[in-house]
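Just so it is clear, the model here is predicted, and its values are computed rather than measured. So that the names make sense, note that chain A is the first sequence line, chain B the second, and so on, each numbered from 1.
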Number of protein chains: 2
Amino acid sequence: MSHPLSRRDRVRAATVQEIKQTARGLLVEQGPEALTLRAIAREMGMTAPALYRYFDSHEILVRQLVADIFGELTSALRAVADSAAQRPATSGSGSKGTVIIVAVCREFRRWALDHTAEYALLFGTPIRGRRDRLDEITDRPGRTFARVFFGLFTELWRHHQFAVPAPDEIDAGLRDQLERFRDDLSAGLPAIAELPVGAMLIFLRCWTRLYGAVTMEAFGHLKFALDDASAMFEYTLSEMTGWLGMTYPPRQSSAPAG
Amino acid sequence: MSHPLSRRDRVRAATVQEIKQTARGLLVEQGPEALTLRAIAREMGMTAPALYRYFDSHEILVRQLVADIFGELTSALRAVADSAAQRPATSGSGSKGTVIIVAVCREFRRWALDHTAEYALLFGTPIRGRRDRLDEITDRPGRTFARVFFGLFTELWRHHQFAVPAPDEIDAGLRDQLERFRDDLSAGLPAIAELPVGAMLIFLRCWTRLYGAVTMEAFGHLKFALDDASAMFEYTLSEMTGWLGMTYPPRQSSAPAG
DNA sequence: ATTCACGGTTTACGCCGTTCACTGGTAATA
DNA sequence: TATTACCAGTGAACGGCGTAAACCGTGAAT
């Protein structure tokens, strides 16, 4: 009661951390298929069954890794958002909200390309069968990740209400779902409840647009056409800022992305 | 020389076919991870090593399956395109070219949702490490698949030259790549060489847009917001037809997608 | 009639996730 | 302090995986 964590618990938590770090190393260096219990244990000078003291199964370990990575990505994006928010607006680069969103989207792409294995784990083909209850592990971090983009989006809306479809222009079934979605998200954030359903639609449009561009590039599915898609991504960005009622000049790519 | 296939070769080809069909059944019924040599052999009343008489490795079998599926998808799309081309234009549904493209995109989505396992194999996280030379197996079918969309696109352009970015508006590096891409595709199809680079950019924009929308939905990555994304997809379509200089009214979804 | 190639089997190797019985040391208890 | 209880870790084992090698029977070609 007095001490929330006993000494034992602390060393235990440290081991859990070490396991996940080892797993992470394997993931980034040898890809997702190298993420085996035996490899992790081997790397740590242990045997595979020992890991069962810390994780109930291989899948749960992977899911917790996914949750961690979601957290990292979330804070990386938040950091970029904060620094972009503090940087004074440069001339001709659109409103502050747009600048921030553009910076965050760029960071998202950069992160995806720098961490393709992790990106595949988070956003690629879903792990295993439909909607296990194991999703509980990754659901919350996934939602807080989504909230980064959504927070920026609502902030932008508060300062500059761009054009969105009127509610009666939206298919009734879709409208209901968008309202449910909005009410879902607005738990704890009353500002969201103010958003019109049309804005929710624009948000999803932006997100699918971004997802498509980044995923195609990260998975190499654009290689058949482009070696370096960074300039292409700038078009994606200006398109997205277009939805948001702002223009953002695609910057010329000075050098090919490393 | 006279007989291109001996009797032996024919029965052999039939067996190859049977193996792939069995594999396909396993894939659709139990997902990609059930696609094992032993399971396929078991299903056929054989032993796993026997399959090595027909395929050099598990991966090659999978790749050939992927190639087959690409072929199926391609002809499914072509069939829809043909039937849409023959159907008389209904009032207020835009130009014929747009109608066809919209029909093909809808079919692409429908196919993806009806064949999520196969879709994951074709368009999900890429199999194994970077750019093996095994890609040779899937490259050609992948390209002919792409050519379906690209053919419709060039056809549309021939009849109705929608607005595209001028060459000097496009980042130099991107322009070069787009030209290379166009010249790649125009081998055997001289009409393509006529396309401005801006059109290539629009094409890629459309394709990434479509890919993003369909992939997110097929992978369940939209579930956090929408149960049924069919109405949302109609917005995607009207957006795409917008790039193509045409408007297409999003049709109201009469019933939730099965 | 003999040879030979082919399609299949069995066996085996080294991976994998997972279970279980066991052990040594450490912490809490009597 | 002596004993107990726990707990991290081990080793062996099960079934499944891809794959390699040796082997074998049948049917076609010589």
Side-chain angles (χ1 to χ4, degrees), chain A residues 1-23 26-27 29-66 117 121 127-129 132 134 137, chain B residues 1-3 5-23 26-27 29-66 121 127-129 132 134 137:
Chain A
M1 284 296 181
S2 56
H3 293 293
L5 255 56
S6 72
R7 176 180 152 65
R8 260 192 131 87
D9 283 348
R10 253 181 294 121
V11 50
R12 189 186 164 83
T15 312
V16 166
Q17 202 57 24
E18 192 192 343
I19 293 172
K20 288 198 286 196
Q21 268 173 259
T22 312
L26 246 21
L27 172 64
E29 277 162 32
Q30 309 185 40
E33 62 272 11
L35 207 53
T36 74
L37 290 181
R38 288 186 141 99
I40 298 167
R42 207 180 300 134
E43 200 87 359
M44 298 178 65
M46 299 206 309
T47 43
L51 297 177
Y52 280 80
R53 298 280 167 195
Y54 304 93
F55 300 91
D56 283 344
S57 76
H58 175 254
E59 185 176 357
I60 288 182
L61 194 162
V62 172
R63 296 234 185 227
Q64 301 218 359
L65 201 58
V66 165
L121 225 50
I127 329 173
R128 291 214 54 129
D132 300 35
L134 292 173
I137 303 171
Chain B
M1 283 295 181
S2 56
H3 293 293
L5 254 58
S6 73
R7 174 179 155 69
R8 262 193 130 86
D9 282 348
R10 255 182 291 121
V11 51
R12 188 186 165 84
T15 312
V16 166
Q17 203 56 26
E18 192 191 342
I19 293 172
K20 288 198 285 196
Q21 268 174 260
T22 311
L26 245 23
L27 172 64
E29 277 163 32
Q30 309 185 43
E33 63 272 10
L35 207 52
T36 74
L37 289 182
R38 289 188 141 97
I40 297 167
R42 207 179 299 132
E43 200 86 358
M44 297 177 65
M46 299 207 310
T47 40
L51 297 177
Y52 279 79
R53 298 284 168 194
Y54 303 93
F55 299 92
D56 284 343
S57 74
H58 175 254
E59 184 175 359
I60 288 183
L61 193 162
V62 171
R63 295 234 186 228
Q64 301 218 0
L65 201 58
V66 165
L121 225 51
I127 329 173
R128 293 216 51 133
D132 300 34
L134 292 174
I137 303 172

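- Annotation: side chain to side chain contact (heavy atoms under 4.5 Å, CB included) contacts of Arg12(A) (sequence neighbours excluded): Tyr54(A).
- Residue pairs meeting the salt bridge (charged side-chain N to carboxylate O under 4.0 Å, His left out) criterion with at least one partner in residues 42-58 of chain B, sequence neighbours excluded, do not occur; the list is empty.
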| task | Could you encode protein contacts along nucleotides 5-13 of chain D as a string, one character per nucleotide from 5' to 3', using B for base contact, S for sugar-phosphate-only contact and - for no contact, with a heavy-atom cut-off of under 4.0 Å? | result | --SBBBBBB
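- Take Arg8(A) and apply the side chain to side chain contact (heavy atoms under 4.5 Å, CB included) test, not counting sequence neighbours, and it matches Ser6(A).
- The nearest whole Å value for the distance from the CD atom in Glu59(B) to the P atom in dC17(D) is 18 Å.
- Regarding His58(B), its NE2 atom lies at a distance of 7 Å from the P atom of dT19(D), rounded to whole Å.
- Straight-line distance from the CD1 atom of Ile40(B) to the P atom of dC17(D): 10 Å, rounded to whole Å.
- Comparing Asp56(B) and Arg42(B) along DNA chain D, the residue whose closest nucleotide (by nearest heavy atom) sits nearer the 5' end is Arg42(B).
- Counting only heavy atoms from C-beta outward, the side chains of Phe55(A) and Lys20(A) approach each other to under 4.5 Å.
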| said: Could you walk me through whether Leu37(A) and Tyr52(A) satisfy the side-chain contact (heavy atoms from CB on, under 4.5 Å) test, starting with their C-alpha distance in whole Å, then the side-chain angles of each, then the deciding distance to 0.1 Å, before giving a yes or no? | reply: CA-CA 9 Å; Leu37(A) 290 181; Tyr52(A) 280 80; 3.6 Å; yes
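- For Gln21(A), the side chain to side chain contact (heavy atoms under 4.5 Å, CB included) partners are Gln17(A), not counting sequence neighbours.
- For the atom pair CD1 (Ile137(A)) and CD (Glu59(A)), the distance works out to 8.0 Å, reported to the nearest 0.5 Å.
- Leu65(A) CG to Ile40(A) CD1: the interatomic distance, rounded to the nearest 0.5 Å, is 8.0 Å.
- Heavy-atom contacts of chain B under 4.0 Å fall on DNA chain C between two terminal nucleotides, which in 5' to 3' order are dC6(C) to dA12(C).
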